[in-house]
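Here is the structure we will look at, set down as structure tokens.
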Protein chains: 2
Amino acid sequence: MDYKAILTQNGYRLSQPRKQVIELLQTSEVALSPQQIHQALQQKNCELGLVSVYRTLELLTELGLVSVVYDPQRNPGYMLSTVGHLHHIVCQECHKAIEFSASNDIDQLVQRVEQETSFQVLDHFLQLFGLCPDCHQKQIAGE
Amino acid sequence: MDYKAILTQNGYRLSQPRKQVIELLQTSEVALSPQQIHQALQQKNCELGLVSVYRTLELLTELGLVSVVYDPQRNPGYMLSTVGHLHHIVCQECHKAIEFSASNDIDQLVQRVEQETSFQVLDHFLQLFGLCPDCHQKQIAGE
DNA sequence: CTCTAATTGAAAATCTTTTTCAATAAGGAC
DNA sequence: GTCCTTATTGAAAAAGATTTTCAATTAGAG
Ligand SMILES: [Mn+2]
Ligand SMILES: [Mn+2]
Ligand SMILES: [Zn+2]
Ligand SMILES: [Zn+2]
């Protein structure tokens, strides 16, 4: 995903903090909190303020480059997102998250709920929780 | 819903703060934040600490009497819940929220995602957003 | 290379939530 | 109803998270 192009096309500069946050997120299979991102970058000797992490995440979310993914205790974290509207399934053990699409199934549900409730449905939030293949295996092996 | 019975059956007392929070939530069509609950009760001359609001909400959530419902900006709020596993649809204008059930539709989706991702799905979070009948009408009238 | 405006970072301000602990009150026993 | 025990409360402090401010820095256009 060409984040550089997306930033410049929208009139934003590719600053060091932005580059560093994005490159860190590219290596992470789990959603990270602002603090986790800040700490991880400190340890890699990237000097940047926590404030910039917040600002960068806000911008990237706005641009659709980053999605908010909740951990099993419902704490929000941030992950790079591929383009388009997707949902996440999160491992309750290791917090690894991957995307899935659900348009068709959701459309059907939305139509039914609109009839039942008389609400007009415009948006939705869906996330699944469970065990990733690795953690599932470990659980079977352990018991 | 007999919250009094549920509290005592689980060994909890029916204290004034608990009674006041529950009775306030019974009158609200929108999910309220701890601060909103505190302020609303202050104005009704119920003297109780914000700390007790937090503690009460935590307990009631644990007992399943209260659900967390997110507003359109994803700020969490609290609402009384009817028994059983239900989801909420929230009005983007007035934040009014009502419950709906989705078991069948979700089961189907879960099965597909399990096949596609090899994750084992154990839990899910789903919320819809849109316009309640009133706000939908107003929008049509206004334009 | 120069210049300028966007961006950053340190500090302070602002919120939100949790912890502590002495005072209070709910509810069972009598 | 009164007494007693202990769960519960509230004020204050601590801890944590996020936002605001503003002077210093730097990305990128010219
Ligand atoms: Mn969707
Ligand atoms: Mn469900
Ligand atoms: Zn896992
Ligand atoms: Zn509405």
Side-chain angles (χ1 to χ4, degrees), chain A residues 2-25 31-63 65-66 68-78, chain B residues 2-25 31-63 65-71 73-78:
Chain A
D2 196 1
Y3 61 88
K4 182 173 174 170
I6 294 178
L7 279 172
T8 54
Q9 275 167 28
N10 288 82
Y12 296 103
R13 295 180 180 174
L14 181 60
S15 63
Q16 286 307 310
R18 287 172 187 164
K19 195 193 281 195
Q20 289 164 353
V21 168
I22 293 171
E23 287 179 356
L24 173 65
L25 289 181
L32 300 174
S33 68
Q35 286 77 6
Q36 287 175 312
I37 292 170
H38 185 234
Q39 278 182 237
L41 289 174
Q42 297 260 293
Q43 287 175 340
K44 294 177 73 180
N45 290 326
C46 304
E47 284 304 325
L48 91 177
L50 176 57
V51 190
S52 292
V53 176
Y54 276 100
R55 283 190 286 227
T56 298
L57 291 173
E58 185 184 14
L59 176 62
L60 296 178
T61 303
E62 207 171 285
L63 293 176
L65 294 173
V66 156
V68 178
V69 175
Y70 293 83
D71 76 12
Q73 293 79 227
R74 301 297 192 274
N75 301 118
Y78 298 83
Chain B
D2 195 2
Y3 61 87
K4 181 171 175 174
I6 294 178
L7 280 173
T8 53
Q9 274 165 29
N10 288 83
Y12 295 104
R13 295 180 180 173
L14 182 60
S15 63
Q16 285 307 310
R18 287 172 187 164
K19 195 193 281 196
Q20 289 164 353
V21 169
I22 293 171
E23 286 179 357
L24 174 66
L25 290 181
L32 300 173
S33 69
Q35 287 78 5
Q36 288 175 313
I37 292 170
H38 186 233
Q39 279 182 237
L41 289 174
Q42 297 258 293
Q43 288 176 341
K44 295 177 71 179
N45 291 325
C46 304
E47 284 303 326
L48 90 177
L50 177 58
V51 190
S52 291
V53 176
Y54 276 99
R55 283 190 286 227
T56 297
L57 291 173
E58 186 184 14
L59 175 62
L60 296 179
T61 303
E62 208 171 284
L63 293 176
L65 294 173
V66 156
S67 344
V68 178
V69 175
Y70 293 83
D71 77 13
Q73 292 80 226
R74 301 297 192 275
N75 300 117
Y78 298 83

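Chain naming here is simple, since letters A, B, ... match the order of the sequence lines and numbering starts at 1 in each.
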Rounding to an integer number of Å, can you tell me how far [X] [atom1] sits from [N] [atom2]?
{"X": "E58(A)", "N": "dA17(D)", "atom1": "CD", "atom2": "P", "value": "18 Å"}
{"X": "R18(A)", "N": "dA6(C)", "atom1": "CZ", "atom2": "P", "value": "11 Å"}
{"X": "Y78(A)", "N": "dA17(D)", "atom1": "OH", "atom2": "C1'", "value": "11 Å"}
{"X": "Q9(B)", "N": "dG28(C)", "atom1": "CD", "atom2": "C1'", "value": "17 Å"}
{"X": "N10(A)", "N": "dT7(C)", "atom1": "CG", "atom2": "C1'", "value": "16 Å"}
{"X": "N75(B)", "N": "dT18(D)", "atom1": "CG", "atom2": "P", "value": "12 Å"}

Derivation of the side chain to side chain contact (heavy atoms under 4.5 Å, CB included) call for Y78(A) and L60(A): CA-CA 10 Å; Y78(A) 298 83; L60(A) 296 178; over 6 Å; no
Stepwise side chain to side chain contact (heavy atoms under 4.5 Å, CB included) check, L59(A) with L7(A): CA-CA 9 Å; L59(A) 176 62; L7(A) 279 172; 4.0 Å; yes
Looking only at heavy atoms, which two atoms of [X] and [Y] are closest? And how far apart?
{"X": "R13(B)", "Y": "R18(B)", "value": "O-NH1, 2.7 Å"}
{"X": "I6(B)", "Y": "N10(B)", "value": "O-OD1, 2.8 Å"}
{"X": "P76(B)", "Y": "V68(B)", "value": "CB-CG1, 3.9 Å"}
{"X": "Q36(B)", "Y": "A31(B)", "value": "OE1-O, 4.0 Å"}

Among residues 32-57 of chain A, which ones have heavy-atom contacts with DNA chain D below 4.0 Å? Q35(A), V51(A), Y54(A), R55(A)
Which residues satisfy the side-chain contact (heavy atoms from CB on, under 4.5 Å) test with P72(A), sequence neighbours excluded? V90(A), Q92(A), H95(A), F129(A)
side-chain contact (heavy atoms from CB on, under 4.5 Å) against Q39(B), all qualifying residues, sequence neighbours excluded: none
Letter by letter from the 5' end, nucleotides 25-30 of chain D scores (B base, S sugar-phosphate only, - none; protein heavy atoms under 4.0 Å) -BBS--
After noting the C-alpha distance and the side-chain angles of I37(A) and L57(A), does the key distance pass the side chain to side chain contact (heavy atoms under 4.5 Å, CB included) rule? CA-CA 10 Å; I37(A) 292 170; L57(A) 291 173; 3.9 Å; yes
Atom CG in N45(B), atom CD in Q20(B): separation rounded to 0.5 Å? 10.5 Å
Bend across the helix from dC1(C)-dG30(D) to dC30(C)-dG1(D), to 10°, with axes taken over 5 pairs at each end? 40°
Pair up each side-chain donor or acceptor in residues 48-55 of chain B with any protein partner under 3.5 Å, not counting sequence neighbours, and list the distances.
{"unit_1": "Y54(B)", "atom_1": "OH", "unit_2": "Q35(B)", "atom_2": "NE2", "d": "3.1"}

